[in-house]
Each structure stands twice: as C-alpha cells, then as structure tokens.
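We number each residue from 1, following the sequence as shown. Just so it is clear, the values below take in all heavy atoms, side chains as well, and ignore hydrogens, waters and symmetry mates.
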Amino acid sequence: MVIKARIPKLVSNLEKLALTLCVLFVSGALLFPDMLTAHIQPLIINALSVLGGPFFLLVNFLLISVIVLAISPLGQRKIGGEHTSVEFSTFGWLSMLFAAGMGSGLIFWGVAEPAMHVLQPPLKQSLYPDRQGAALAITLVNWGAHAWALYAVFGLVLGGLSHNSGKAGDISAPVLSVTTSFLSREGQLKCKYVIQLVAILAIFFGVVGTIANSTLLLRKGIELELGINSPWLVGLIIIMLLALLFSLSARLGLKKGIQTLSQFNVFLAFGVLIWLIMMVPLQPIIDVAISGVKFYSHLLVTGTWQLSSQLNDPAWANSWTYNYYFWWLAWGPFVGVFLAKISQGRPVWQYIVGVVIVPTFVTLIWFSVFSGSAIAWDSGHSSGIMAAIKTDYTKGLFVFFKQLGWQGGVLIWSSLLLLLIFVATSADSAILVIRNLAGTKSSHRFSLYVWSFTLALSSWVLLLQNNELLNRSIAIIGAVPFLFIFILQLIGFVKEFMKELQE
C-alpha cells in the first residue's frame, strides 16, 4: 500500500523537476553565456572522443541485427502483438516517421554538408578518389541506414514486440526487467523515475539544438530574401512562430495535428524535389548518386567498422559522425516511443523496411539532387555557391536557388516553409512524448504550453550564441548519460525476447 501511494507523487514531481532543470539551464545560459562555449562544449567533445567510436560500432551491430530480423521468421511478428490492428494509412505512417525523424536536417544540410566535404574531404582520397562521390558517401553514413536503424531499434524495444518488455511505449520497462533480481519494488520505482527524467532531458535538449540550428537557416533565408538586418529580432519571431505551430499541432493530437502537417510536408518536399530536377541538368545528379552509392556500399560493408582508418583525421568524427549519432540517440527516446505508437499492428519486416530502407533511399535521392545539382551548377556557371558555403554554409542553399530566377525564389520560400513545418512536427512529437513520460494527462493543457514556452525560450537563448557547433553539442547533453540506459534497454529487451522464444 505504501508503494502504491508513492507512485502518483513520483509521477507528479517528475515533470516539475524536469521543467526546473530545463529552466535553470536556460537561466544559466542567459546570465553566463560563456559557460556554454568555455565549459559545456569542451566537456561534450571530450565525451565524444571517448564514447563515440564504441557507440558507433554498436550502431553497426544494430543495423545488421534489424536486417537479419526482417528476413527471419520473426519478421512476420506484429508490433504490439498479434491482436493489434493498424491505425494509420501507410502514407500517413511513413510521413509521420520521416517528419519526426530528421526531415528538418535534410533541408538544412541538403546542399551544405556534401559541399563542405568536397571542399575539405574527410575520407582518404587514396581510398575514395572521387571527391563528390566520397562527400555523398560520408554524408549518407551520417544520415542514412545506421541512423534509421538506431531509431528502428528504439521502436522495436518500446513497441511491445516482446510481451514483457516495452509494453505501451514504457521506456523503463526493458531496464526494469534486468534489475528485478537485485532491486526492491521501491528501488525499481526510483530507477524508473531516473530513467524517465534522463529521457525527458535527452529529448528536450536534442530538440532545442535542432530548433536553434534550423532557425539559423530560416533566419538567413529571410534576411537574404527580404533584406532585413536584425538577426536577433528575426530569430525571435521565427521561434515564436514555431512555438505557436508546434503547440497547436500537439494540442490537436496525432491524427488532426501531427499526421496532417507531416503529410502536407511530404507532398511539398516531393514537389520541391521534382521541380528542382526539372530545372537542372540530370546527368551530374546521376553521376554523383552512382559514385556515392558505390563508396557508401564500401563503407557499409567494411569502412564503418574501422571508420578512423578511412579518415584523413580520425578526430573529425568527433564533431561530425559521432556527434550526429549521439544526436540521434538523444532523439531516440521520443522517436522510439512515437514509432512504437504509430506502428502498432504492422509486421516487423514492414516496419523495418518503412523505418530503415525507405528513409535511407529518400535521403540518398535528396542529397544527390540538392548537392549534385548545386555543385555542378557552380562548376558550370562560376556562381559562387561553393565560395558562399566556405564562408557561411547557411547561405549555400539560397545562393544556389537565386541562380534559378523567379522559380528559384519559389523554391527558397518553399524550402523555408518545409523547414518550418519539419521542425514543428519534430517538436510537437517530442512534446507529446515528454508529457507521456512525465505522466501528464492529455487533458492538462497548461503543461503543454509550459513545455512549448520552455522549448522556445531555450532555443532562442541558444540562438543568441550564433554557433552551429555549439547547437550540436547542446543537443547531445542528455544523450551521453542516456547511452547507459539504452544499453540496459537492449539487454533487457534481448533477455525477455529470448525467454519468450524458449517458451
């Protein structure tokens, strides 16, 4: 009776503590901005130098595991159990998972990242002689199958594939299954409390870094298009608009809010992609795609298992590949719970195809079209795209589109709208999961607005630093401690899953 009486208290205190910690961070960053760059950022970089390589090896194993699972007889199992039914259409499902996963990043980095890797190749040219193909390949390592496999594993662990582990998206259930033999009931409640708190903080800071990063690009586009030279005011207006959008979407819920926005954005994204393909030469895009796939295949088979040996400077991975994967880990708790929720009733093989294969293919097409056409245009017209990226990579997309006349103007505003909605769909999904983890009832609207305001304020404070690398470092603050929880989740999930198979 004593334990039962304490459960509501833990749940109600959890949201208060999480919000307090987030607000303290915002206050500290606002009052002592140098604290971020002088202390927090170096700590994160040092942690990545130690944990990045081993964690990326783990992700390699997870990618192989989900592929084996998909083609095995277990691939016929249903997410959530045999009696669950599919709630969302295939198109709605794919739209939501892609929008929540990393849609905003493709807009931000579509031109810039491959171009930066062409200017300063991270891969050894003796192994990867074609600069543009190598640039696309390492970009796909950062954004492709490995990243989506990590998300897929989160969804499987939390989606009820094992009847005793991860029921109903309970993020602590797999860990508690490991600790039952040596923790009392009260100890397990405390353990659950800590897991949910760390998960909330990981989600919060992961999304804050994304909002701040995306606002850099949105702000740059508006400044260039409208000639406004007031970066902090423009940034504040953008973040306020984002907060309004993701608050409204989160309030409307999955079907009316998140699914509707996600489907609209997928239509818009494909419209932008097709329009761009019709306006630029096709051959450079095909050439870079073929070369990129060739090198990416080599990296998948051998290179990613020994990534440091493939790089000109092994330390490069700390600020790029390993940083990305801890960012995906930070997003894992909310994307995993979200995937588990929207994927109920689908067979495992279909889930893995939808979560890993389809987004990887879309990512390949997107980066090939955007970077291939931009770099080829710059080579043929000496338009200054690469020079702009070298000085300020947030300009690359806009300098490229400005070469395309009035149609380029349409593409610029369409891309800004895409980015705005992709960020909103990620944030509203995150708020939905944060409130779920905190045990907040959906009818309690006040906490929704408090989380929206805190997210927006934190993003604006980070935006004031105008430091993209700092944004990425802040985004993974919660991911570093969550790594150990994730490992325990995997152990608990495998333990329960093997137990079921034996029975």
Does CD in Gln120 sit with more than 12 non-hydrogen atoms of other residues, nucleotides or ligands closer than 6.0 Å?
no

Listed partners of Trp93 passing side-chain hydrogen bond (donor to acceptor under 3.5 Å, both in side chains), at least two apart
Ser343

Name each donor-acceptor pair under 3.5 Å that joins a side chain in residues 478-488 to protein atoms two or more places apart or in another chain, with its distance.
none

Val335 side chain near Val433 side chain, heavy-atom distance below 4.5 Å:
no

Would the distance check show the side chain of Ser473 and the main-chain N or O of Pro42 forming a donor-acceptor pair, the cut-off being under 3.5 Å?
no

Trace of the side chain to side chain donor-acceptor pair (under 3.5 Å) decision for Ser49 with Asn318:
CA-CA 6 Å; Ser49 66; Asn318 294 334; 5.0 Å; no

Listed by chain and number, what are the side-chain hydrogen bond (donor to acceptor under 3.5 Å, both in side chains) partners of Ser368, not counting sequence neighbours?
none

Assess whether atom CZ of Phe32 is packed by more than 12 heavy atoms of other residues, nucleotides or ligands within 6.0 Å.
no

Would you name the heavy atoms of Pro114 and Gly110 that are closest together and state the gap between them?
CD-O, 3.9 Å

Can you list the steps and then say if Val66 with Val355 is a side chain to side chain contact (heavy atoms under 4.5 Å, CB included)?
CA-CA 10 Å; Val66 296; Val355 176; over 6 Å; no

Would a distance-only check, ignoring hydrogens and angles, find a side-chain to backbone donor-acceptor pair under 3.5 Å from Asn213 to Asn471?
no

Are Asp428 and Leu245 packed together at the side-chain level, in the sense that at least one heavy-atom pair is separated by less than 4.5 angstrom?
no

Taking atom NZ of Lys495 as the centre, does the number of heavy atoms from other residues, nucleotides or ligands within less than 6.0 Å exceed 12?
yes

Measure the shortest side-chain to side-chain distance between Asn13 and Tyr193 over non-hydrogen atoms and say whether it is less than 4.5 angstrom.
yes

Using distance alone, with no hydrogens and no angle criterion, decide if Ser262 and Ser95 have a side-chain donor and acceptor under 3.5 Å apart.
no

Rounded distance (nearest 0.5 Å) linking atom OG of Ser72 with atom CD1 of Ile67
12.0 Å

For Glu113, enumerate each residue passing the side-chain hydrogen bond (donor to acceptor under 3.5 Å, both in side chains) test, keeping only those at least two apart in sequence or located in another chain.
His117, Asn142, Trp143, Tyr324

Verify the distance criterion only: is there a donor paired with an acceptor across the side chains of Thr210 and Trp327 at less than 3.5 Å?
yes

Just grab all the side-chain hydrogen bond (donor to acceptor under 3.5 Å, both in side chains) pairs involving residues 349-360, residues at least two apart or on different chains.
Arg346-Gln350

Run the ring-centre check on Phe61 versus Trp305 and record whether the distance is less than 6.0 Å.
yes

I need the Ser452 OG to Ile431 CD1 distance, nearest 0.5 Å.
3.5 Å

What heavy-atom pair brings Cys22 and Leu201 nearest, and what distance separates the two atoms?
SG-CD2, 3.9 Å

Between Phe55 and Tyr325, is the ring centroid distance below 6.0 Å?
no

Heavy-atom count check: over 12 atoms from other residues, nucleotides or ligands less than 6.0 Å from Trp320 CH2?
yes

Please step through side chain to side chain contact (heavy atoms under 4.5 Å, CB included) for the pair Leu48 and Phe326, ending with a clear verdict.
CA-CA 8 Å; Leu48 287 175; Phe326 272 86; 3.3 Å; yes

Distance (rounded to the nearest 0.5 Å) between Ile195 CD1 and Leu437 CG
11.0 Å

Name the one of Leu307, Leu51, Ile45 that satisfies side chain to side chain contact (heavy atoms under 4.5 Å, CB included) with Tyr322?
Leu307

Could you tell me if Glu15 and Trp451 have a donor-acceptor pair between their side chains, going purely by distance under 3.5 Å?
yes

Please identify each residue that fulfils side-chain hydrogen bond (donor to acceptor under 3.5 Å, both in side chains) with Tyr393, with sequence neighbours left out.
Glu468

Stepwise, does the side chain to side chain contact (heavy atoms under 4.5 Å, CB included) test hold for Leu106 with Leu418?
CA-CA 10 Å; Leu106 299 188; Leu418 263 177; over 6 Å; no

So Pro359 and Leu97, do their side chains get closer than 4.5 Å, heavy atoms only?
yes

Are the side chain of Trp328 and the backbone N or O of Trp148 linked by a donor-acceptor pair below 3.5 Å?
no

For residues Phe25 and Phe205, establish whether the separation of their ring centroids is below 6.0 Å.
yes

Please give me the minimum heavy-atom distance between Leu299 and Tyr128, naming the atom from each residue.
CD2-OH, 3.2 Å

Compare every heavy atom of Ala456 with every heavy atom of Ala243, then report the nearest pair and how far apart it is.
CB-CB, 3.8 Å

Ile476 and Leu329, any side-chain heavy atoms less than 4.5 Å apart
no

Which distance, rounded to the nearest 0.5 Å, do you find between the CG of Leu242 and the CD1 of Ile211?
6.5 Å

Flag, side chain of Arg472 to backbone of Ser319, donor-acceptor distance under 3.5 Å:
yes

Of all heavy-atom pairs linking Ala317 and Leu311, the shortest is CB-CD1, 3.9 Å

Within the 4.5 Å heavy-atom criterion, are Val348 and Gln76 side-chain neighbours or not?
no

Donor-acceptor contact below 3.5 Å, side chain Lys124 vs main chain Asp313
no

Out of curiosity, Leu300 CG to Leu140 CG, how far, rounded to the nearest 0.5 Å?
8.5 Å

What are the two closest non-hydrogen atoms of Ile107 and Leu217, and how far apart are they?
O-CD2, 3.8 Å

Test your reading of the model: is there a side-chain donor-acceptor pair from Gln489 to the backbone of Ser172, 3.5 Å cut-off?
no

Crowded around Phe91 CZ? As in, over 12 foreign heavy atoms under 6.0 Å?
yes

Say you draw a straight line from CZ of Phe295 to CG of Leu123; how long is it, rounded to the nearest 0.5 Å?
9.0 Å

Backbone N or O of Pro121 within a donor-acceptor pair of the Asn312 side chain at under 3.5 Å?
yes

